[in-house]
Student: 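I have a structure here, written as structure tokens, and I will follow up with some questions on it.
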Amino acid sequence: MIYVGIDIAKLNHFASALSSDGEILMEPFKFTNDGDGFQLLVSKLEALSFGDDNIIIGLESTAHYGDNLVRYLVASNFKVCVLNPIKTSSMWKNNIRKTKTDKVDTYIIAKTLMLQDSIRFVSFYDLDLMDLKTLGRFRQKTIKQRTRLKIQLTSYVDQVFPELQYFFKSGLHQKSVYALLKEAPTPQDIASMRTLSEFPLAHPALFQYLFQSLPSQVTVLF
């Protein structure tokens, strides 16, 4: 069996390979975190063996920098195991040479992989979960950004045009209000409108309701 250890980083990764007896089959080398780098890794792995079944690849779980590499390797039918950094940390403490480098880390990861009683390989189902987690985090981040922007908008409108929020039953945060503020962000801008065609709202009944409800100082003359 061939054990491959990969040290993950943002721009470049390092990889090395050991045999079951601990013999170094592939010295640590650097490859880029992109398609060209992944192809270079696969070409070196294919040169080590006649098949993918006797190669086990291990890497640490480090943020999202290794996600594309994991997807690429699994799609190429390699056996990939994502290791908990706590396990590699224990192996590192037992290492005689304490100099920590990216090249040495690849050996530590490969040796940690060799000592595992049971190995769980990444499946296509796991890749789907990774995608769902990424989309979920993005959605939560987007929702927080939207909430923060709504609070900021409410604060600005309270200062510039505090009466505006009372003219809409559903509050400020709706398309019609956004369209109005985009075209006329201040009471003076609304007062300067002279025709219905200048009003950005799509429904005549809505802007008719608005203009009838506006205070006298911002009444529009038709």
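Throughout, numbering of the chain's residues begins at 1 and tracks the sequence.
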Student: Hey, does the Lys NZ or Arg CZ of K111 hover above the aromatic six-ring of Y3, less than 6.0 Å from the centre and inside 45° of the axis?
Tutor: no

Student: Is I24 linked to I109 within one hydrophobic cluster, defined over Ile, Leu, Val, Met, Phe, Trp and Tyr using a side-chain heavy-atom separation of less than 4.5 Å?
Tutor: yes

Student: With no hydrogens and no angle check, is any side-chain donor or acceptor of E183 less than 3.5 Å from a backbone partner on A179?
Tutor: no

Student: Are Y65 and L11 connected in the hydrophobic side-chain network, where two residues link if heavy atoms are under 4.5 Å apart?
Tutor: no

Student: Taking side chain as C-beta onward, heavy atoms only, is D7 less than 4.5 Å from Y107?
Tutor: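 In short, these two side chains do not touch, never coming nearer than 4.5 Å.
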
Student: Between the side chains of T106 and H13, does any donor sit under 3.5 Å from an acceptor?
Tutor: no

Student: What I'd like to find out is whether the side chain of Y178 reaches to under 4.5 Å of the side chain of H173, using heavy atoms alone.
Tutor: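 Result yes, sub-4.5 Å side-chain heavy-atom pair found.
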
Student: Does any part of the side chain of V160, heavy atoms only, come nearer than 4.5 Å to the side chain of P187, both counted from C-beta?
Tutor: yes

Student: So, does E23 use its side chain to make a donor-acceptor pair with the main chain of S20 at under 3.5 Å?
Tutor: no

Student: Find out whether F161 and T186 are in side-chain contact, i.e. whether some heavy atom of one side chain is under 4.5 Å from a heavy atom of the other.
Tutor: no

Student: Under the criterion side-chain contact (heavy atoms from CB on, under 4.5 Å), I'd like the reasoning laid out for M1 against I56: C-alpha separation, chi angles, the key distance, then a yes or no.
Tutor: CA-CA 8 Å; M1 188 65 69; I56 298 179; 3.9 Å; yes

Student: Determine whether V42 and F124 fall in the same hydrophobic cluster, where Ile, Leu, Val, Met, Phe, Trp and Tyr are linked whenever their side-chain heavy atoms lie under 4.5 Å apart.
Tutor: yes

Student: Is there a continuous path of hydrophobic side-chain contacts, each under 4.5 Å between heavy atoms, that joins I151 to L172?
Tutor: no

Student: Quick one: do F14 and F29 satisfy side-chain contact (heavy atoms from CB on, under 4.5 Å)? Show the steps, please.
Tutor: CA-CA 5 Å; F14 280 85; F29 74 96; 5.9 Å; no

Student: Does the side chain of I2 come within less than 4.5 Å of L18's, by heavy atoms?
Tutor: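 In short, these two side chains do not touch, never coming nearer than 4.5 Å.
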
Student: From the options V74, L69, D67, select the one residue that forms a side-chain contact (heavy atoms from CB on, under 4.5 Å) with R71.
Tutor: D67

Student: For the NZ atom of K144 and the CZ atom of R148, what is their distance to the nearest 0.5 Å?
Tutor: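 Here the rounded value is 10.0 Å.
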
Student: Can you see which heavy atom on S61 is nearest to which on P85, and at what distance?
Tutor: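 So the two residues come closest at O-CG, 3.6 Å.
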
Student: Once you round to the nearest 0.5 Å, how far does OG of S16 lie from CD of E27?
Tutor: 8.0 Å

Student: Any salt bridge between K133 and D126, counting N to O under 4.0 Å?
Tutor: no

Student: Verify whether one side chain among S19 and D21 offers a donor that lies under 3.5 Å from an acceptor in the other.
Tutor: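 Note: S19 and D21 side chains miss the donor-acceptor criterion.
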
Student: Does some side-chain heavy atom of C81 sit less than 4.5 Å from a side-chain heavy atom of I57?
Tutor: no

Student: Contact between L73 and F38 at the side-chain level, heavy atoms closer than 4.5 Å - yes or no?
Tutor: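 No; the side chains remain at least 4.5 Å from each other.
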
Student: Atom CE in M130, atom CG in N68: separation rounded to 0.5 Å?
Tutor: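 Here the rounded value is 8.0 Å.
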
Student: Quick check on Y156: does its OH atom have over 12 non-hydrogen neighbours (other residues, nucleotides or ligands) under 6.0 Å away?
Tutor: no

Student: Rounded to the nearest 0.5 Å, how far apart are NZ of K150 and OG of S155?
Tutor: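 One finds 16.0 Å between NZ of K150 and OG of S155.
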
Student: At what distance, to the nearest 0.5 angstrom, does CG of L59 lie from CG of L113?
Tutor: 9.5 Å

Student: Would you say that L149 contacts L153 through its side chain, given a criterion of any heavy-atom pair below 4.5 Å between the two side chains?
Tutor: no

Student: Using the side-chain contact (heavy atoms from CB on, under 4.5 Å) rule, take V157 and L181 through it: C-alpha gap first, then chi angles, then the decisive distance, then the call.
Tutor: CA-CA 9 Å; V157 171; L181 292 176; 4.1 Å; yes

Student: Ignoring hydrogens and geometry beyond distance, is a side-chain donor-acceptor pair present between N84 and E60 at under 3.5 Å?
Tutor: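 No, because no side-chain N or O of N84 sits under 3.5 Å from a partner of the opposite role on E60.
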
Student: side-chain contact (heavy atoms from CB on, under 4.5 Å), that's the test. Do N12 and N33 meet it? Break it down for me.
Tutor: CA-CA 5 Å; N12 300 290; N33 188 18; over 6 Å; no

Student: Once you round to the nearest 0.5 Å, how far does CG of D105 lie from OG1 of T112?
Tutor: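 If I round to the nearest 0.5 Å, the distance is 10.0 Å.
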
Student: Just checking, is any N or O donor in the side chain of T134 or D131 under 3.5 Å from an acceptor N or O on the other one?
Tutor: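 Side-chain D/A pair, T134 to D131: absent.
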
Student: Give the cluster check for L132 versus V70: same hydrophobic cluster or not, with ILVMFWY residues linked at side-chain heavy-atom distances below 4.5 Å.
Tutor: no

